[in-house]
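First up is the structure itself, then whatever we jot down about it.
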There are 2 protein chains.
Amino acid sequence: MTVTSVHDPSHREALWELEAAFERGDLITAFGRCTVSYTGRAASELGSGDRLVVLKPDGAALVHTDEGRTPVNWQPPGSEHHAAVREGRLRVRSVRSSPAETLTVRFSDVHQLSTMTVTGGRDLDLHGSEEDLRTRVLERPALVDPGFEPRETERPTSAGPVDVFGVDGAGRPVVVELKRRRVGPDAVGQLDRYVEAVREEYRTGGFDDDRADTDGDDGDVHSDGDDGEGDDGDDDAGSDDDDGDGVRGVLVAPSITDRAAALLADRGFEHVALDPRPEGTDGDGRVSDDAGADDDRRGRNDEE
Amino acid sequence: MTVTSVHDPSHREALWELEAAFERGDLITAFGRCTVSYTGRAASELGSGDRLVVLKPDGAALVHTDEGRTPVNWQPPGSEHHAAVREGRLRVRSVRSSPAETLTVRFSDVHQLSTMTVTGGRDLDLHGSEEDLRTRVLERPALVDPGFEPRETERPTSAGPVDVFGVDGAGRPVVVELKRRRVGPDAVGQLDRYVEAVREEYRTGGFDDDRADTDGDDGDVHSDGDDGEGDDGDDDAGSDDDDGDGVRGVLVAPSITDRAAALLADRGFEHVALDPRPEGTDGDGRVSDDAGADDDRRGRNDEE
DNA sequence: GCCTAGGTCCCGTAC
DNA sequence: GTACGGGGCCTAGGC
């Protein structure tokens, strides 16, 4: 039996079904007239109305109205569901600790209650995330800068891990921050923190202080033989005509807002326009920078 | 009739029910074995398995497995739902434009399909948001700083609106950034952008350039009589022993991470520990700064 | 447990 | 429409 469903059950009937479903680890949907209370990180009250309540065996709870992608109330996984009849109403409560939070749904009427045994895979195969963008950059570093040579991903700094760290053709350190979508001012701040941390590293000594000792860890790129002095730069990696300390900051993202661009310029950083995916049939995915890069409505007609 | 439900319908039956429900503007749940494809800002594929699909009359679509608060696939409101039988399967598709996105669910088996007419309120009464924190600050400015005098909320700057803007006892401008929860480095960056924008204002002239002309708009505070010189400060509003330009930056939040605190100190800004809500019975909600401010497990027992 | 950042984030609001 | 920031954000990955 994969689905059970009862229409307009009495509260006792509903209670019985709920507890059996909890026991089985079923997915539960309840539709009915209810009020909802929540207290925890915040607190809320929702007056009477018809809602769809979903209770998952992992402890997640969702309360949906007829509008919005976001549930009007919810409880994340890890909660515990409880049901009871109180004051003539069916009370469903999901509770979790740390943070201490309680969601309470009180049904005056249950229109329908269903329980479902779920089987099958949950693994989503997703493309177009920041990780895809990183792959593109590592496979074709020239998209970032001619002569760019990635050295490490998730490179640790005192400000956190840098998405891609490497050197340019002149041997200057390059800090690359990747974003899968159009970026605003926050991304510039993020890049700024990383660049400043790296600059501070170079200032205060030979990059051995802040970096967690992760030689040969999983973040490395280019595990070829040369690990020491293979730099072909003519400068001593810094003090060039560039802005700060010789450390470059590059924001790789499909596009950037005006305000973010102004901030970026203010800090002396650069934007490289790049999509997380090779843009379908559109060549290599490099978007022309500082130019009208838009409207490629590829007429992808459905197969059926 | 508020609820209709069919068990193990044929695809044609299901199609009929779906189209009637679309017509009525009903909320729809479908549980069955299906695959899911998505393409748009990203792209994904989900293999066959049992899932709960929710279709809302506002165009929202949700695909839920038995785990997680977040749907495994979805479509935001504004999409258009379509149903058809193709290649022996029931195909439900939600499409939207800008961005162009398509969600396709292909059912090999529909275990249950329900349609529901939703009535009742959707307005949530929520407490504990940043707005509550702002209210607290405006009602009791001394919580931020003795002598702090709020002048404006959502004060426009070239970097965006400042949560609360005012002056301290010495007449120095104060930029306040509010956060309802513990803050990390990003919040410091945000505050930094605002403070820098205000400082630039003061540098480049008498605060009349970047500010949109919103005198007497809705962001003002203190519409009392005294608008001019009531300051009791002994300094001339700036050039004190303080860091920058005489403009102070204050981050008001319940707590702050170490890294954020270091950044804050580096910029010469301050943290004021404050909760969005008066913390139940806990006095005025001011949290002791730089001290072990924790564990107040108030034993709030349920009423029933 | 906390911290940090990504997300098909969603969502409201102002421009 | 774009932009910007809030959110009970959720979620994954480190430490």
Side-chain angles (χ1 to χ4, degrees), chain A residues 38-44 60 67-78 96 98-103 124 126-131 133-134 154 156 159-163 177-187 190 193-194 212 214 217-219 255-260 276-277, chain B residues 38-44 60 67-78 96 98-103 124 126-131 133-134 154 156 159-163 177-187 190 193-194 212 214 217-219 255-260 276-277:
Chain A
Y38 154 75
T39 183
R41 289 164 293 176
S44 72
E67 288 187 347
R69 203 218 63 144
T70 305
V72 64
N73 279 114
W74 70 87
Q75 198 69 285
R96 70 163 174 164
S98 79
E101 294 194 298
T102 301
L103 175 73
L124 188 72
L126 180 71
H127 305 281
S129 61
E130 181 178 307
E131 188 184 346
L133 183 55
R134 178 175 58 212
E154 304 299 324
V162 168
D163 283 342
E177 174 62 27
L178 305 171
K179 292 296 172 193
R180 71 167 301 282
R181 62 172 182 170
R182 185 172 176 85
V183 293
D186 53 339
Q190 201 178 334
R193 294 202 300 276
Y194 295 149
T214 55
D217 216 302
D218 70 331
S255 59
I256 184 170
T257 67
D258 287 349
R259 212 123 79 177
R277 292 189 301 170
Chain B
Y38 154 74
T39 183
R41 291 165 291 177
S44 72
E67 287 187 348
R69 203 217 64 144
T70 305
V72 63
N73 281 113
W74 70 89
Q75 198 70 285
R96 69 164 175 164
S98 86
E101 294 194 298
T102 301
L103 175 72
L124 188 71
L126 180 71
H127 306 281
S129 61
E130 182 179 305
E131 188 183 346
L133 183 55
R134 179 175 58 214
E154 305 299 324
V162 168
D163 284 340
E177 174 62 28
L178 306 171
K179 292 296 171 192
R180 71 168 303 280
R181 61 171 181 168
R182 185 173 178 83
V183 293
D186 53 340
Q190 202 179 333
R193 294 200 301 274
Y194 294 149
T214 54
D217 216 302
D218 69 332
S255 58
I256 183 171
T257 68
D258 286 350
R259 209 120 84 176
R277 291 188 301 170

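In the text below, chain A, chain B and the rest are named by the order of the sequence lines, each starting its count at 1. Treat the numbers as computed from the prediction; the structure is a model and nothing was measured.
Using a cutoff of 4.0 Å between basic side-chain nitrogens and carboxylate oxygens, Arg134(B) and Glu154(B) are scored as salt-bridged.
In this model, no donor atom of one side chain and acceptor atom of the other lie less than 3.5 Å apart for Ser129(B) and Arg180(B).
Annotation: side chain of Glu130(A) is not in contact with side chain of Pro276(A) (no heavy-atom distance under 4.5 Å).
Comparing the P positions of dG7(D) and dG7(C) gives an interatomic distance of 22 Å, to the nearest angstrom. Only the P atoms considered, dC4(D) is 23 Å distant from dG8(D), to the nearest whole Å. Of the P atoms belonging to dC11(C) and dT11(D), the separation is 15 Å, rounded to the nearest Å.
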Letter by letter from the 5' end, nucleotides 3-10 of chain C scores (B base, S sugar-phosphate only, - none; protein heavy atoms under 4.0 Å) SSSSSBBS
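In this structure, dT13(C) forms a base pair with dA3(D), meeting either the Watson-Crick or the G-U wobble geometry with both donor-acceptor distances under 3.5 Å.
Atoms CG and CG, on Leu178(A) and Leu133(A) in that order, are 4.5 Å from each other to the nearest 0.5 Å. Note: Asp186(B) CG to Arg193(A) CZ = 6.5 Å, rounded to the nearest 0.5 Å.
Distance, Arg134(A) CZ to dG13(D) C1': 12 Å, rounded to whole Å.
With sequence neighbours left out, the side-chain hydrogen bond (donor to acceptor under 3.5 Å, both in side chains) criterion links Arg96(A) to Glu101(A).
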